[in-house]
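These values consider heavy atoms only, across backbone and side chains, with no hydrogens, waters or symmetry-generated copies.
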Amino acid sequence: MCEQPKAADLLEWYDRHARAMPWRVGPADRQAGVLPDPYRVWLSEIMLQQTTVAAVKDYFLRFTARWPTVQDLAAAKDADVMGEWAGLGYYARARNLLKCARLVAQDHQGQFPRHYDDLLKLPGIGPYTAGAVSAIAFDQPSTVVDGNVERVMARVYDVHTPLPVAKPELTQLAAELTPSKRPGDYAQAVMDLGATICTPKNPACGICPWRTPCQGRANGTATELPKKTPKKPKPTRFGTVYIARRVDGAILLERRPDSGLLGGMLGWPGSDWQEGSVPDHSAPIRAEWKILPTEARHTFTHFHLRLTVKTALVPMDRAPKVGAFLTLDEFRPSDLPTVMRKAFDLASAKSGN
DNA sequence: GAACCGTGGCC
DNA sequence: TGGCCAAGGTT
């Protein structure tokens with residue numbers, strides 16, 4: 001007969017080791033009945049999708065300083081939100097963030113739903129985020145399963161089924177462990193355990209609050225779990241971008257379509273991106289284009305990209321065929337997604353401005 | 001189910 | 001350097 005992991009042991013560990021975060025109410029305050037602002041919990045959870053705490057912190061602080069409430073965010077301009085999100089990646093999150101804020105502001109009187117099923121209906125909120133917001137912001141007894149929880153469950157119960165096939169099995173195991181008392185703290189505790197102790201590489205099993213019941217540790221298999229099905233190799237695509245600077249300093253940019261890669265973000269006009277060679281295309285404005293000696297390289301989720309960067313200085317009276325000139329006070333380089341920022345930095349370094 | 005969708009840190 | 005990895009959701 002094996003000893004079962006106890007939620008109480010994990011909560012006791014969490015009370016001593018919970019990490020402070022800008023969107024978090026500490027365990028002491030929570031036990032005194034204080035719950036966090038649902039808007040801040042929701043915003044942080046959207047930002048944290050596939051993204052590390054370190055990368056999120058500054059973005060969260062800038063967003064909440066600029067838009068302190070869901071009503072403020074709902075009233076924001078699309079371009080301002082996309083610009084503030086630039087660099088964080090997965091830009092569909094930002095578009096859905098705005099959709100969701102406006103829906104909550106208009107149809108829910110500015111109040112986020114407290115129940116899992118109602119949260120799940122909102123754009124950008126899937127099973128994980130619905131569970132996290134209901135548990136953390138409203139102390140609902142939801143089961144929260146993210147990559148950390150999957151890893152912890154696979155190790156504690158020594159599950160060798162590869163992901164994503166193992167997902168339902170791991171979700172079931174996680175649900176059986178979820179306590180009715182302090183479910184919000186428990187949800188954060190399991191994720192903190194995965195983030196700090198039960199890490200993908202070199203887990204600190206010796207100081208783990210669940211080291212005794214952990215079957216993966218007992219069997220010596222913890223480090224190799226969870227198993228995952230092999231990923232496909234990434235192809236390399238090629239393309240060209242055009243960075244035109246007008247003599248008054250204005251820059252030629254275009255707003256990308258709302259759907260697809262970098263949807264809704266600013267970018268440089270240019271060719272499509274394809275495997276093998278740069279596809280046929282034409283320049284967005286007539287000019288004497290110079291090719292930079294260094295290409296911009298970037299890797300997305302499912303392909304590598306190598307961009308040829310062309311630059312030109314154009315006179316005031318020449319109209320672009322594609323895009324529009326943004327003046328110096330209309331354009332911040334930080335509004336660009338990273339691949340476009342890389343091309344911009346290469347062009348700036350070359351021309352010295 | 002599988003494909004699509006970013007980025008920065010780590011080893 | 002290049003693959004892996006992170007508090008996933010949508011189509």
Side-chain angles (χ1 to χ4, degrees), chain A residues 18-19 21-24 41-60 82 85-97 99-100 119-133 135-137 142-152 162-168 171 174 184 186-196 198-203 223-224 226-237 256-265 267 273 297-305 336-342:
Chain A
R19 299 178 296 168
M21 299 177 195
W23 50 84
R24 182 176 272 186
V41 173
W42 163 75
L43 178 61
S44 69
E45 290 299 340
I46 300 296
M47 288 182 166
L48 286 164
Q49 290 169 2
Q50 300 295 100
T51 310
T52 58
V53 168
V56 162
K57 269 186 179 167
D58 288 348
Y59 282 87
F60 178 84
M82 300 311 289
W85 194 277
L88 200 52
Y90 284 125
Y91 297 99
R93 292 185 295 172
R95 300 193 302 275
N96 286 327
L97 187 82
K99 282 186 197 169
C100 185
L119 287 160
L120 194 58
K121 296 172 185 167
L122 297 172
I125 297 186
Y128 164 75
T129 306
V133 173
I136 296 170
S142 304
T143 299
V144 174
V145 183
D146 68 340
N148 285 315
V149 178
E150 289 175 351
R151 185 170 59 256
V152 170
L163 287 167
V165 174
K167 175 97 178 180
T171 298
Y186 175 79
Q188 296 176 90
V190 193
M191 293 190 284
D192 268 23
L193 186 73
T196 62
C198 196
T199 49
K201 292 174 183 174
N202 305 316
T223 306
E224 61 191 68
K227 303 278 193 186
K228 297 187 178 182
T229 54
K231 294 172 182 174
K232 286 172 42 176
K234 294 178 181 182
T236 299
R237 297 183 190 174
R256 297 174 63 84
D258 237 8
S259 63
L261 190 74
L262 307 179
M265 300 299 292
W273 304 339
R297 293 191 177 208
H298 190 72
T299 298
F300 294 97
T301 311
H302 52 293
F303 66 92
H304 303 290
L305 179 64
L336 295 172
T338 298
V339 62
M340 303 299 174
R341 180 65 184 273
K342 284 181 180 177

- Message: Please compare Arg19(A) and Leu120(A) by the position of their nearest nucleotide in DNA chain C and report the one closer to 5'.
- Response: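 Its nucleotide being nearer the 5' end, the pick is Arg19(A).
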- Message: Need to verify one output field. Residue with the more 5' nearest nucleotide on DNA chain B, Pro164(A) or Ala86(A)?
- Response: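 Result of the comparison: Pro164(A).
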- Mark yes or no for a side-chain to base donor-acceptor pair under 3.5 Å between Thr338(A) and dG6(B), with no hydrogen or angle criteria applied.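 A donor-acceptor contact between them is absent.
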- Message: Is there, by distance only and without an angle test, a donor paired with an acceptor across the side chain of Tyr128(A) and the base of dG8(C) below 3.5 Å?
- Response: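 Answer is no: no donor-acceptor pair is held.
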- Within 45° cone and under 6.0 Å: Arg297(A) NZ/CZ vs Trp273(A) ring: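 Geometry flag: not set, cation outside 6.0 Å or 45°.
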Indicate whether OP1 or OP2 belonging to [N] is found under 4.0 Å from a side-chain N or O atom of [X].
X: His302(A); N: dG6(B); value: no
X: Thr129(A); N: dG9(C); value: yes
X: Gln49(A); N: dG8(C); value: no
X: Thr51(A); N: dG8(B); value: no

Under 4.0 angstrom, heavy atoms only, what part of the nucleic acid is [X] near: base, sugar-phosphate, or nothing?
X: Val53(A); result: base
X: Arg151(A); result: sugar-phosphate
X: Ile46(A); result: nothing

- When rounded to the nearest Å, what value does the distance between P atoms of dT1(C) and dG6(B) take?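 Each nucleotide's P atom is 24 Å from the other's.
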- Determine whether the aromatic ring centres of His298(A) and Phe300(A) lie less than 6.0 Å apart.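 Close enough - the centres of the two rings lie under 6.0 Å apart.
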- Task: Could you tell me if the ring centre of Trp85(A) sits under 6.0 Å from that of Tyr59(A)?
- Result: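 Ring centroids of Trp85(A) and Tyr59(A) are no less than 6.0 Å from each other.
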- Task: Measure from CG on Asp58(A) to P on dG9(B) and round the result to the nearest Å.
- Result: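 Nearest whole value for this atom pair: 12 Å.
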